[in-house]
Amino acid sequence: MTVVTRFAPSPTGLLHLGGVRTALFSWLYARRHGGRFILRIEDTDRERSTDEAVRVILDGMQWLGLDADAGPYFQTQRFERYREVIAAMLAAGSAYRCYCTKQELEDERAQQLGRKEKPRYSGLCRNRAEPRVGAESVVRFKNPLEGTVVVEDLVHGPVVFENRELDDLIMARSDGTPTYNFCVVVDDMDMAITHVIRGDDHLNNTPRQMNMLRALGAAPPAYAHVPMILGADGAKLSKRHGAVSVLQYEEEGFLPWALLNYLVRLGWSHGDQEVFTLQELIAVFDIRDVNKAASAFNPEKLLWLNQQHMMRAQPAELVPYLRAQLKRLGLDSDNEALLEGVVLAQRERAKTLKGMAQNSRFFFTGDIELDPKAARKHLTAAEAPALQETRARLAALGEWSAAPINDALNALAAELGVGLGKIAQPLRVAVTGSAVSPPIDVTLALLGRERTLARLDAGIARCQGG
RNA sequence: GCUCCCAUCGUCUAGAGGCCCAGGACAUAGCCCUCUCAAGGCUAGUACGCGGGUUCGAAUCCCGCUGGGAGCGCCA
């Protein structure tokens, strides 16, 4: 039997980290077993679904590289099929029309709550012989009254529910449109889903879905209910904590595979390993190893992992990402060698590609921004002579690359009887605008002789009170 | 309220009865390296929620408590 998993988000909110992680688990499980991964948009709530949310799901999945083998399917395009199944169940007696009004149901609920009971539908219309003509009706599923349903959950183990705790849920609203719990059942059956991997907020829905599946003569799939992700403060993930669109992480300069690596380690582990490639994950991931407890989102660790992945990537692989971030800063470069060099020089001092771009402005701009504090400290009249000598040595250099530059600067420092820092810092400020940059030899090599000398001249002028 | 789920350092986790007076990672602090900043290396502190059992022996099994979470919609 080939494994078929699905990711079935509802476009009523923007796709966030919690959704991405369940998508990742589903995708990994399918890939691990050479199965199929399906994307299905659960948009039966036409009131709250938005086009933007659909777009974020589609763009987000693409950015992350979580490719689907089928879909995206939209439930709103399957209404015909749902109607057909409802009619069949009505005919078979596994569903019935309920004529209770909303008001009646509300009253019933209020009374039950008043008696400190679990609110549930009494089943009043369950055995109604004749239809109530002219009255509005919904269609309810006839849930078994006795016995138990056991969810053999892949992460929780067996979970037992009593059928008497379950009431007859509504499959079709009075306007005829199908409801979520019913659509899921039909879709999972039609799409031959073998493993349903979803948030554990759905665990309580599962027994009723299994009952419906059985009423339709279908064998329930395997279920895996994965824990939720909490905000950094341990509270439920919400807009305030980090339930932001997944695309926000692209903007912030995270590598998609770093984000996935971070997410997979929330609730799952493989010994002491922290950094994984997607290929490694596919090879070792098992949904059965996922933890039962919820876990909190830790932005620092995401940052660390992102840098780890930047440091392990092929520089050329990061160039498009860096270029995109530079573009956001209004900078551009088609100098592939320079871009790769900057990646190499900066990736161990940036947590994100956005940070890398910000730290690298001076490589791509005509006029640098001078940090006043650094200038005050290093571009002083006292430094002018040394800077001038530095300029002369650099101008005289035969080959403009890191090693000779380094040799020249070291030689000069030795001659002057000072540490390299004494030479490097004023030079650095003059050439980059700040007291922080990659190693001075690497920085100058990347910058090129021309720009280096020009900026040095400007720096010297400033030292002399310009 | 009822039903279901969960519980190891601040955080993510290892741990499937003796290998654990609990290991790794992020973060924090100190040191080393060093042209700045990083990266890297080394060191340090911090955890099995509580109470009962079972057992020669429990972080690991059982029960209770406490604390968190979810569901109980003509929402998904």
Side-chain angles (χ1 to χ4, degrees), chain A residues 8-13 42-45 47-49 75 98 100-102 105-106 109 112-121 136-140 151 153 156 159-162 165-167 169-177 179-181 183-184 199-207 225 227-228 230 232 234-236 262 265-275 291-305 307-308 311 346-351 359 374 378 406 409-410 413 419-425 427-429 432 434-441 443:
Chain A
S10 108
T12 53
E42 313 228 312
D43 57 349
T44 52
D45 185 352
E47 303 279 292
R48 296 194 301 150
S49 295
Q75 290 188 323
C98 166
C100 297
T101 64
K102 287 185 186 179
L105 295 175
E106 255 174 56
R109 169 182 314 278
Q112 288 165 331
L113 249 16
R115 273 181 262 129
K116 305 200 168 188
E117 287 169 14
K118 178 177 181 173
R120 56 199 300 284
Y121 177 59
E136 274 197 336
S137 71
V138 299
V139 177
R140 286 185 188 270
V151 181
D153 196 277
H156 291 274
V159 183
V160 182
F161 293 87
E162 297 285 338
E165 291 291 337
L166 276 22
D167 64 357
L169 92 195
I170 292 175
M171 293 165 35
R173 306 178 178 97
S174 47
D175 67 1
T177 59
T179 60
Y180 163 79
N181 268 296
C183 294
V184 173
D200 66 9
D201 48 336
H202 289 282
L203 184 52
N204 287 296
N205 293 328
T206 307
H225 288 94
M228 324 209 62
L230 274 20
K236 193 182 165 184
Y262 175 72
R265 283 285 291 100
L266 245 36
W268 177 88
S269 63
H270 182 67
D272 286 339
Q273 189 172 350
E274 295 287 351
V275 183
N291 275 168
K292 294 187 265 220
S295 41
F297 173 66
N298 181 186
E300 271 84 36
K301 188 156 182 183
L302 203 212
L303 249 10
W304 174 79
L305 254 181
Q307 181 169 34
Q308 291 300 312
M311 292 195 295
Q346 294 284 45
R347 62 181 176 179
E348 60 196 37
R349 59 205 100 233
K351 301 280 190 196
N359 295 342
H378 297 290
N406 190 247
L409 294 178
N410 270 116
L420 180 56
K422 189 78 181 135
I423 304 280
Q425 280 308 87
L427 176 55
R428 173 173 278 119
V429 175
T432 71
S434 100
V436 175
S437 89
I440 195 67
D441 51 348
T443 302

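Note that the structure is a prediction, hence the values are computed from the model and not measured. The figures here come from the full heavy-atom set of this structure, side chains too, leaving out hydrogens, waters and symmetry mates.
Nearer to the 5' terminus of RNA chain B, by closest-nucleotide assignment, is the contact made by A:N298 (compared with the other of A:T177 and A:N298). Both A:Y180 and A:L302 lie near RNA chain B, and the one whose nearest nucleotide falls closer to the 5' end is A:L302.
When each of B:rC12, B:rG73, B:rA14 is scored by its nearest atom to the side-chain atoms of A:I170, the top-ranked nucleotide is B:rG73. Distances from the side chain of A:R48 to the nucleotides B:rC35, B:rA76, B:rG40 place B:rA76 closest. Here the side chain of A:S269 is nearest to one of B:rC26, B:rA76, B:rA14, namely B:rA14. Ranking B:rC26, B:rA76, B:rC12 by closeness to the A:E300 side chain, first place goes to B:rC26. Listed nucleotides B:rU36, B:rC12, B:rA39 differ in distance to A:K351; the shortest reach to its side chain belongs to B:rA39. Of the candidates B:rC74, B:rC26, B:rA76, B:rA76 carries the atom nearest the A:N181 side chain, counting heavy atoms from C-beta on. With B:rU36, B:rU11, B:rU13 as the choices, the nucleotide that has an atom nearest any side-chain atom of A:A296 turns out to be B:rU11. Across B:rC35, B:rA39, B:rC37, the shortest atom-to-atom separation from the side chain of A:V436 is found for B:rC37.
Across all strands shown, B:rA44 forms a Watson-Crick or G-U wobble pair with B:rU28, both key distances being under 3.5 Å. Across all strands shown, B:rA14 forms no Watson-Crick or G-U wobble pair with both key distances under 3.5 Å. Pair assignment for B:rU36: none, as no Watson-Crick or G-U wobble contacts are both less than 3.5 Å. Figure legend. B:rG67 is base-paired to B:rC6; pairs are counted as Watson-Crick or G-U wobble with both atom distances under 3.5 Å. Across all strands shown, B:rC72 is found opposite B:rG1 as a Watson-Crick or G-U wobble partner, with both distances under 3.5 Å. B:rC19 is unpaired under the criterion used here, namely a Watson-Crick or G-U wobble arrangement in which both key atom distances are under 3.5 Å.
The shortest distance between the side-chain N/O atoms of A:N291 and the OP1/OP2 oxygens of B:rA14 is below 4.0 Å.
Atom pair A:L169:CG and B:rA76:P shows a separation of 11 Å (rounding to whole Å applied). Here the P atom of nucleotide B:rA25 and the CG atom of A:L266 are 18 Å apart, to the nearest Å. Between the CG atom of A:L230 and the C1' atom of B:rG67 there is a distance of 14 Å, rounded to whole Å. In this structure, A:Q308 places its CD atom 9 Å from P of B:rA27, rounding to the nearest Å. What separates CG of A:D272 from P of B:rA22 is a distance of 16 Å, to the nearest Å. When the C1' atom of B:rC72 is taken as reference, atom CZ of A:R120 falls 10 Å away, rounded to whole Å. Summarising the geometry, the separation between CE on A:M228 and C1' on B:rG71 is reported as 11 Å, rounded to the nearest angstrom. What separates NZ of A:K301 from C1' of B:rU11 is a distance of 8 Å, to the nearest Å.
A donor-acceptor contact closer than 3.5 angstrom is absent between the side chains of A:R109 and A:Q112. Side-chain atoms of A:D175 and A:T177 include a donor-acceptor pair closer than 3.5 Å. Looking at A:S437 and A:T443, their side chains do bring a donor and an acceptor atom within 3.5 Å of each other.
Using a 4.0 Å heavy-atom distance criterion, A:D441 is classed as a base contact. Base engagement by A:P438 is indicated by at least one non-hydrogen atom pair under 4.0 Å involving a base atom. The residue A:Q307 sits close only to the backbone: its heavy atoms come under 4.0 Å of sugar-phosphate atoms, none of a base. At the heavy-atom level, A:T44 lies under 4.0 Å from the strands shown only through sugar-phosphate atoms. When heavy atoms are screened at a 4.0 angstrom cut-off, A:R347 is found touching no nucleic acid atom at all. Using a 4.0 Å heavy-atom distance criterion, A:E42 is classed as a sugar-phosphate-only contact. Within the 4.0 angstrom heavy-atom criterion, no nucleotide atom of any strand lies near A:E106. Nucleic acid contact class of A:N205 (heavy atoms, under 4.0 Å, all strands): base. When heavy atoms are screened at a 4.0 angstrom cut-off, A:S437 is found touching base atoms of the nucleic acid. Base engagement by A:C100 is indicated by at least one non-hydrogen atom pair under 4.0 Å involving a base atom.
Taking 3.5 Å as the limit, the base of B:rC74 and the side chain of A:S174 contain a donor-acceptor pair of atoms between them.
Under a 3.5 Å cut-off, the side chain of A:S49 and the backbone N or O of A:T12 do not form any donor-acceptor pair. Between the side chain of A:Q346 and the backbone N or O of A:N359 there is at least one donor-acceptor pair closer than 3.5 Å. Side-chain atoms of A:E42 do not come within 3.5 Å of backbone N or O of A:Q75 as any donor-acceptor pair. Listed for the A:H225 side chain is no donor-acceptor partner under 3.5 Å among the backbone atoms of A:D201. A:T206 places a side-chain N or O within donor-acceptor distance of the main-chain N or O of A:H202, the cut-off being under 3.5 Å. At least one donor-acceptor pair under 3.5 Å links the side chain of A:R428 to the backbone N or O of A:P438.
Stacking of the aromatic ring of A:H202 onto the base of B:rA76 is found: the ring centres lie under 5.5 Å apart and the planes are inclined by under 30°.
When the C1' atom is compared between B:rG10 and B:rA29, the two are found 15 Å apart, to the nearest whole Å. B:rU8 and B:rA14 have their C1' atoms separated by 10 Å, with the value rounded to a whole Å. Here, B:rC37 and B:rC31 have their P atoms 14 Å apart, quoted to the whole Å. Using P as the reference atom, B:rA44 and B:rG23 are 11 Å apart when rounded to the nearest Å. Of the P atoms belonging to B:rC56 and B:rG51, the separation is 23 Å, rounded to the nearest Å. A gap of 49 Å separates the P atoms of B:rG57 and B:rA39, to the nearest Å. If you take atom P in B:rC65 and the same atom in B:rU46, they sit 33 Å apart, rounded to whole Å. Rounded to whole Å, the P atom of B:rG24 lies 11 Å from the corresponding atom of B:rC20.
Salt-bridge annotation for A:E274 and A:K301: present, with a side-chain N of the basic residue lying under 4.0 Å from a carboxylate O of the acidic one.
Using bins of under 30°, 30° to 60° and over 60° for the plane-to-plane angle, the ring pair A:Y262/A:F297 lands in the perpendicular bin.
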**Asked** So A:K118 and A:E165, side-chain contact (heavy atoms from CB on, under 4.5 Å) or not? Walk me through it.
**Response** CA-CA 9 Å; A:K118 178 177 181 173; A:E165 291 291 337; 3.4 Å; yes
**Fill in**
Per-nt protein contacts along nucleotides 1-6 of chain B (heavy atom under 4.0 Å; B base, S backbone sugar-phosphate only, - none) come out as BBSSSS
